[in-house]
Structures are given as structure tokens and as C-alpha cells.
Amino acid sequence: MPELPEVEVVKKSLENKLKNLTIKRVFINNNKLRYKISNRQFYRIKGKKITSVKRRSKYLLINLNEDLTILAHLGMTGKFFIIDKNSKKQKTSFYYSIKKNEFKHDHITLFLSKGFKLIYNDVRKFGFLKLLRTKNIFTTDHLKFLGPEPLTNEFNLKYITKFIINKKVTIKNLLMNQKFVSGLGNIYCNEILFLCKLNPLKNVEKINKKELANIVKFTKKILKASIVKGGSSIKDFANTEGKNGNFQQKFNVYNREKSKCNRKNCLGIIRKIYTSNRSSFFCSRCQNK
DNA sequence: TTCTTTGTTCCGGA
DNA sequence: GTCCGGAACAAAGA
């Protein structure tokens, strides 16, 4: 379940390894992702060079020359694998077969110069790849309504204070709202609220200035820590070498229903509730309303 | 068979 | 008209 830190880790990896490589061949094993890929359109990237890789929220922007950008979203289980000639996966089998489990969910393969391959793998197929004009990229429906990046100075106390005027939402829903701040998902929202000692159902009208400042502080802190550690994991995230992130041991509340609260001297028990069709985890004692 | 998972969209009520 | 929360949807594995 990749959120901002995981996507950032993938972005760095793609940027480091793929920059300036040329796409030699495009192989589409399955074009039915979240949005159906037009094979004919996608084959146009053959011969193009990867000039840079950027991230906006949870989206990856793989920039090619000639004004083309592959906009990618990993959804729940999307992964990019970079394979070079020394890689195990390539040694196992060059050919792709849907009968072989190993390759079952490899939907798109780009054969690159210098013997590299870039594979898009997605078990649930909630992710997508779209080929767009670079010059139009930030005005596409996917990106144009996104709120500020949480790690920029744009995301600050003043911004939050202004945004929540006349809003009646719960703090959990506010953090999940991509128009408010972009890139947070369910896991990090739960963890941020734990660090802030805020109940997910608390209405933003009832949150004081000090607590709002804490939201800014802890959001940045936890995202930075996770990026440094290589992205979190649960079970679905893997970086481009297929290794899981190691942030997963650090979760205080996510998936810890009925466990003891990690906060020193708290002794509370982690509870799980559903809000807006999402699981919320919180300590019934130190995150009480 | 049924349940679970998340981002996004849609719809109805306030 | 606008805001908000809940339902629905996508796919596949347990």
C-alpha cells in the first residue's frame, strides 16, 4: 500500500537507474489496469529516452523526450522492478507466461538500453500507467486538484488554519483529503494521529492551535523518517529491487488492534473502528476525545 | 462463498 | 449550491 514515502523511494530508484536510458521495445502483457492502456498509443514510446523521474503526491512522472510523460500510480499493489543482465528474474526465464506465477502480474515490460528492463507488476490492478504530454501534465484531472506536498513549506500552520475555516470534517478525513494535503494514505494518517494524541473522529473545529502545529510537525517527521528507512511495507510495498521497506516494525497503531499502546506509561489498548469505509486504529486511552 | 484491502467517484441528506 | 459521509467499484487471494 504505497503512500508518499514509498513512492518517493521508488522515484529515487527509478531516477538513479533509468535516467538517460532509451526504450528499445515495449511489451504489453495485459492492458487492463485501472484504465485500459491503448496498446497503439503506448508503442509510441519506443525509441524515446527517459530524461527524468519526478513525484507528485503518490504519482510517478516518468519523463521522456519529445514532450511525453508516463504518469503512473501504484494503486494498492503496483510495483516497478528494474532488471539488469545480472538479475535473477531474467536468468529464470526470458519469456513471459501467464502460466508461470512469477510473471503472472507483470503487465508491462519496457526493454531499455544497456540490457535493462523495467517491469510494471500489479496483483490487484488498481494502479495505472498513462501516456500524456509533458507540457499538460500538471493540468490533468489526476494532478490539478492536489493540495500541497506535506514536506514543503507550503504545508504549515497558517495553511491548515485557513483551510479548515467553516469545515466540519473529522481530523482523520481531513488528513485523508488529497485536496488538503497530498500523498497521505490510511496508514500514515493513523500514525500521525497517534503521535498527535488525537482521536480520528475529533472534529477539526475542536482542535486547538498547538495541536494543529503538532500535525504539521509530526506529519513531516514521520514521512521523512520513513523515506530515510526505505519506505514502509505492510506486505505489498517493495522497492524496485523487490526488497520490502523496513519501516513496518515501527507502526504504533496500524494493524495493532487489541495490542497494548506503545506510549510510555499509557497502558491503553489499540482499537479499530471504521470511518468512511476505512479502518482507523487508535489508542482508546491516550487518543481519547 | 465471503471477506478484505485503498483511492476515487458517485449519490443522497443536511 | 455546497459540504460531508457512506456506499460502490476495481481484482484477486485467503
At 4.0 Å (heavy atoms only), tell me whether A/Y59 reaches a base, stays on the sugar-phosphate, or touches nothing.
sugar-phosphate
Rounded off to whole Å, could you give me the CG-to-C1' distance for the A/L33 and C/dA11 pair?
11 Å
Run A/I83 and A/T109 through side-chain contact (heavy atoms from CB on, under 4.5 Å) and show every step you take.
CA-CA 10 Å; A/I83 312 292; A/T109 303; over 6 Å; no
Among the candidates C/dG5, B/dT5, C/dA11, find the nucleotide nearest to the side-chain atoms of A/K125.
C/dA11
Separation of atom CG in A/D106 from atom P in C/dA12, rounded to whole Å:
14 Å
Could you list the protein-to-nucleotides 12-14 of chain B atom pairs, N/O on both sides, closer than 3.5 Å?
none

Any side-chain N or O of A/K179 under 4.0 Å from OP1/OP2 of B/dT8?
no
A/Y274 near the nucleic acid: base, sugar-phosphate alone, or nothing, with a heavy-atom cut-off under 4.0 Å?
sugar-phosphate
Side chains of A/T51 and A/N63: donor-acceptor distance under 3.5 Å anywhere?
no
Is it the case that A/K79 places NZ or CZ above or below the six-membered ring of A/F81, under 6.0 angstrom from the centre and within 45 degrees of the axis?
no
Nearest to the side chain of A/M76 - B/dT8, B/dT6, C/dA11?
B/dT6
Distance, rounded to the nearest Å, where A/K79 contributes NZ and B/dT5 contributes P
17 Å
Choosing from C/dC4, C/dG13, C/dA10, which nucleotide comes nearest the side chain of A/V123?
C/dG13
Nearest whole Å is fine: how far is B/dT4 P from A/F281 CZ?
11 Å
Kindly say if A/N173 contacts the phosphate of C/dG5, meaning a side-chain N or O under 4.0 Å from OP1 or OP2.
yes
In whole angstroms, how far is the C1' atom of B/dT5 from the CG atom of A/N186?
10 Å
Separation of C/dA10 atom P from A/R34 atom CZ, nearest Å, is 11 Å
What is the nucleic acid contact for A/D122, judged by heavy atoms within less than 4.0 Å: base, sugar-phosphate only, or nothing?
nothing
Could you check how far CE of A/M176 sits from C1' of B/dT6, rounded to whole Å?
8 Å
Is the distance between the ring centroids of A/F180 and A/Y159 under 6.0 Å?
yes
Compute whether any side-chain donor of one residue and acceptor of the other, for A/N186 and A/K172, lie under 3.5 angstrom apart.
yes
For A/H105 and C/dG13, is the shortest distance between a side-chain N/O and OP1 or OP2 below 4.0 Å?
yes
Can you tell me if A/Y254 touches the phosphate of B/dT6, counting only side-chain N or O atoms and a distance under 4.0 Å to OP1 or OP2?
yes
Under 5.5 Å between ring centres and under 30° between planes: does that hold for A/F126 against the base of C/dA10?
yes
Rounded to whole angstrom units, what separation is found between the CG atom of A/L174 and the P atom of C/dG5?
10 Å
Answer yes or no for A/K17 and A/F116: cation-pi contact, defined as NZ/CZ to six-membered ring centre under 6.0 Å and angle to ring axis within 45°.
no
Can you give me the closest heavy-atom contact between A/C286 and A/K197, atom names plus distance?
O-CB, 3.5 Å
Would you say the side-chain atoms of A/N214 pair up with the backbone N or O of A/C196, donor to acceptor, closer than 3.5 Å?
no
